[in-house]
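Worksheet for the structure shown next.
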Amino acid sequence: SACTSTRLLHTHTHLGQAATHTHTWTGNFSHTDTRHKQWTHTCHLVPVPPTSPAPPAQSPPFMSCPHSPLQVQSELVYLSPHDLVKAFPVLGTPCYSDQREVVIRGCLAPGHYIIIPSTSLPNQEGEFILRVLTEEGGRVAPADKANTDLRNQLPSPSGSVLPSLKDAQQLFKKHSNTEGRCAAGELQRLLKEAVQGGVLARSEDEFCMERCKSFLALMDTKGFGKLEWVDFEPQWEKIRKWTDIFMAFDTNRSCSLEYAEIIPALQAAGLRLDDFVLQLVGLRFSDASMAFSFPAFLHLLLKLETMIAKFRSFDMLGNGTVTLNYRQWLHMTIYN
């Protein structure tokens, strides 16, 4: 599927004397008009990375990047994946082209439009210049994604679908070895029993051994390869909280979240990721249909929280940068 940029612009054009105005921006934008007008859209593509010209035997220096205006409702400032499925281009390039400049000319009916550049291959990044030539009176203003904190807007669950902390302690004692520790196998049996007979029972088989090994590594702060109750207790409280978030967004009770639902679910958990990291999240933690199972959702949140905590532990000055030696890097990337 094609990758699209995420920044939207609103362009409002008012009646005036016949003239041509050019609006230049690097991102998506919308165009509103009060009557049929001549409309020209030019997209200049810049090769990335900006290095010396490639030899003839290599691929063209410019990425294929068509752009399609979509008519949408005026109140939309950000198109979700669900909105994109319902929207259809009213103009556009017939195919992907490696040309340096792509031009679209046409007339649009009065309405609200958003233009979305895309690439022919997924996960491509590059710079582009987008120009719109309209009649006199146009103005352009950015409209970013909504920055809404969803943590206080979740419906209060009537009761957690997972065992309480006291019951979880009994499960831990039941499945731990004689030393009171749980390895990956014991952790797998514990988690499967915790969801048996409840609304998440269909997720039982998703707690595979490989995933439980990763759970163990992310929870194991001592590097023993086994968990004690003092290690598992705070993690269980987090798992119960994340489960409530999962259930709040799993409205159809399918025991999975669609890709469009994972973004607000992460925001509800207090995590905000950029679009490129979200693409990597989808590749790593979703299934073939781009859905996230309950165990995959727990795995994702546990992974993010652990890696963020490790980063902050090395960021002594709080300036957003860390310095790691070779051994520290291997420990952080292999055992997690």
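The structure presented is a predicted model; accordingly, all values stated were derived computationally and were not measured.
Ion pairing between a basic and an acidic side chain is recognised when a charged N comes within 4.0 Å of a carboxylate O; Lys226 and Asp220 show no such pairing. Electrostatic pairing of Arg181 and Glu228 counts as a salt bridge here, judged by a charged N lying under 4.0 Å from a carboxylate O.
Atoms NZ and SG, on Lys192 and Cys208 in that order, are 8.5 Å from each other to the nearest 0.5 Å. Within the model, atoms CD1 of Ile262 and CD of Gln267 stand 11.0 Å from one another, a figure rounded to the nearest 0.5 Å. How far CZ of Phe224 is from CD of Glu179: 11.0 Å, rounded to the nearest 0.5 Å. Atom CD in Gln170 sits 10.5 Å away from atom CG in Leu165 (nearest 0.5 Å). Of the inter-residue distances, the one linking Leu273 atom CG with Ile263 atom CD1 reads 9.0 Å to the nearest 0.5 angstrom. For the atom pair CD of Gln196 and CG of Leu200, the computed distance is 12.5 Å after rounding to the nearest 0.5 Å.
The backbone N or O of Pro234 lies less than 3.5 Å from no partner atom in the side chain of Glu237, so there is not a single donor-acceptor pair. Put simply, the side chain of Asp250 never gets that close to the backbone of Leu257: no donor and acceptor are under 3.5 Å apart. Looking only at distances, a side-chain donor or acceptor of Asp315 sits under 3.5 Å from a matching main-chain atom of Asn319.
The nearest pair of heavy atoms linking Arg240 to Pro163 is NH1-O, 2.9 Å. A pairwise comparison of heavy atoms in Ala184 and Lys213 identifies CB-CG, 3.7 Å as the closest pair. Shortest non-hydrogen contact noted between Ala194 and Trp236 is CB-CH2, 3.8 Å. The minimum heavy-atom distance between Ile245 and Ala265, with the atom names listed, is CG2-O, 3.6 Å. The minimum heavy-atom distance linking Met219 with Leu302 is given by the pair CE-CD2, 3.9 Å. Between Ser313 and Met316, the shortest heavy-atom contact is O-CE, 3.3 Å.
Asp287 places none of its side-chain heavy atoms less than 4.5 Å from the side chain of Ser293. Under the 4.5 Å side-chain criterion, counting only non-hydrogen atoms from C-beta, His331 is not in contact with Arg327. A heavy-atom distance below 4.5 Å is found between the side chains of Phe294 and Val195. Contact of the His299 side chain with the Ser214 side chain is registered, since non-hydrogen atoms from C-beta on lie closer than 4.5 Å. When side chains are defined from C-beta on, Phe207 does not count as touching Leu187, because their heavy atoms never get closer than 4.5 Å. The side-chain heavy atoms of Lys303 and Leu218, taken from C-beta on, include a pair separated by under 4.5 Å. Looking at Glu258 and Met290, their side chains never come closer than 4.5 Å, going by heavy atoms from C-beta outward.
In terms of hydrophobic clustering, with Ile, Leu, Val, Met, Phe, Trp and Tyr side chains grouped at heavy-atom distances under 4.5 Å, Leu304 and Val322 are assigned to different clusters. Under the 4.5 Å side-chain heavy-atom criterion for ILVMFWY residues, a single connected hydrophobic cluster contains both Ile308 and Tyr335. Under the 4.5 Å side-chain heavy-atom criterion for Ile, Leu, Val, Met, Phe, Trp and Tyr, Phe314 and Met307 are members of the same hydrophobic cluster. Clustering ILVMFWY residues whenever any of their side-chain heavy atoms sit less than 4.5 angstrom apart, transitively, puts Phe249 in the very cluster that holds Val199. In the hydrophobic cluster analysis, where Ile, Leu, Val, Met, Phe, Trp and Tyr join through side-chain heavy atoms closer than 4.5 angstrom, Tyr326 is grouped together with Ile334.
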Could you go through Leu266 and Arg272, starting from their C-alpha distance and side-chain angles, then the distance that decides it, and tell me whether this counts as side-chain contact (heavy atoms from CB on, under 4.5 Å)? CA-CA 7 Å; Leu266 289 175; Arg272 296 186 180 277; over 6 Å; no
CA sep, side-chain torsions, deciding dist, call: Cys182, Phe172, side-chain contact (heavy atoms from CB on, under 4.5 Å): CA-CA 8 Å; Cys182 281; Phe172 190 89; 3.6 Å; yes
Mind running side-chain contact (heavy atoms from CB on, under 4.5 Å) on Leu298 and Thr243 for me, showing each step along the way? CA-CA 8 Å; Leu298 296 182; Thr243 302; 4.2 Å; yes
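Between Phe292 and Phe297, the ring center distance fails the sub-6.0 Å criterion.
Among the candidates Pro295, Ser203, Cys212, the single residue satisfying the side chain to side chain contact (heavy atoms under 4.5 Å, CB included) test with Leu191 is Cys212.
Using modelled atom types and a 3.5 Å distance limit, the side chains of Glu193 and His175 yield a donor-acceptor pair. With 3.5 Å as the limit, one finds no donor-acceptor pair spanning the side chains of Gln169 and Glu233.
Environment of NZ in Lys222: crowded, with over 12 heavy atoms of neighbouring residues, nucleotides or ligands closer than 6.0 Å.
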